[in-house]
Amino acid sequence: MSVLHPCLRCGACCATFRVAFHWLETTDVAGSDDDAPAVRIEWTQKLDPHRVAMRGTDQPEPRCEQLQGEIGSHAWCGIYRQRPSPCRDLKPSFEDGETQSPQCDRARARHGLPPLTAADFQ
Ligand code: SF4
Ligand code: SF4
């Protein structure tokens, strides 16, 4: 039986994709209340007039600056409650027991990790 959630032994998606989102999600405009914590603007870099990216992810070998630990063994988001929408939207494969996530599988493959199966959540 797994003790840790599989994402806490992974972190691959935080070091695979450019994490881009609308600047309305940042503290520049959203403020920061406890129910809907915003992404701090200093954690991001500007991409264009409308979008920002998490620092560290807009490069050939991405690694979000907020990713803590070591990929594939012990990794976690240092700003979990304030993570942006792309991070909230990316679900691990088979977390619900039946849905595969191509992004999760691709990120794990990039880091030499096998795709998750439903057994990883039992
Ligand atoms: S790649 Fe998949 S398992 Fe790994 S942290 Fe991201 S969602 Fe979780
Ligand atoms: S904000 Fe957190 S969940 Fe999103 S890419 Fe960075 S470390 Fe990963």
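Order of appearance sets the numbers: ligands from 1, and atoms from 1 within every ligand. From a predicted model like this one, the values you see are computed outputs, not experimental measurements.
- Atom numbering of ligand 1 starts at 1 in the shown order; those under 4.0 Å from a heavy atom of P92 are 7 (S).
- Using a 4.0 Å cut-off to heavy atoms of L67, the atoms of ligand 2 that qualify are 7 (S).
- Contact annotation for L116 and ligand 1: only side-chain heavy atoms (C-beta onward) come within less than 4.0 Å of the ligand.
- Regarding atom 5 (S) of ligand 1, its nearest protein heavy-atom neighbour is G11 N, 3.4 Å.
- Residue, atom and distance of the protein heavy atom nearest to atom 4 (Fe) of ligand 1 are C10 SG, 2.3 Å.
- No donor-acceptor pair under 3.5 Å is formed between the side chain of Q82 and the backbone N or O of I79.
- The same ILVMFWY cluster, assembled from side-chain heavy atoms under 4.5 Å apart, contains both W43 and W23.
- No donor-acceptor pair closer than 3.5 Å links the side chain of R110 to the backbone N or O of A12.
- Using a 4.0 Å cut-off to heavy atoms of C64, the atoms of ligand 2 that qualify are 1 (S), 5 (S), 6 (Fe), 7 (S).
- Residue C77 counts as close to atom 2 (Fe) of ligand 2, with an N, O or S atom under 2.8 Å.
- Side-chain atoms of R88 come within 3.5 Å of backbone atoms of R83 as a donor-acceptor pair (strictly under, hydrogens ignored).
- Here C104 meets the criterion, with an N, O or S atom under 2.8 Å of atom 2 (Fe) of ligand 1.
- Annotation for ligand 2: atoms under 4.0 Å from non-hydrogen atoms of Q66 are 7 (S).
- Here the heavy atom of the protein found nearest to atom 8 (Fe) of ligand 1 is C7 SG, 2.3 Å.
- Ion pairing between a basic and an acidic side chain is recognised when a charged N comes within 4.0 Å of a carboxylate O; R51 and E25 show no such pairing.
- Listed by number with element, the atoms of ligand 2 under 4.0 Å from a non-hydrogen atom of C87 are 1 (S), 3 (S), 4 (Fe), 5 (S).
- Protein heavy atom closest to atom 6 (Fe) of ligand 1, with residue, atom name and distance, is C13 SG, 2.3 Å.
- At least one donor-acceptor pair closer than 3.5 Å links the side chain of Q68 to the backbone N or O of Q66.
- Here the side chain of S93 pairs a donor or acceptor atom with the backbone of S101 at under 3.5 angstrom.
- Residues V39 and T27 fail the side-chain proximity criterion, which asks for heavy atoms closer than 4.5 Å.
- Screening P92, C13, C77, C14 for a side-chain contact (heavy atoms from CB on, under 4.5 Å) involving C7 leaves a single residue, P92.
- Every atom of ligand 1 is numbered from 1 in the order shown, and the set under 4.0 Å from a heavy atom of L90 is 7 (S).
- Atom 8 (Fe) of ligand 1 lies at 2.8 Å or more from every N, O or S atom belonging to H5.
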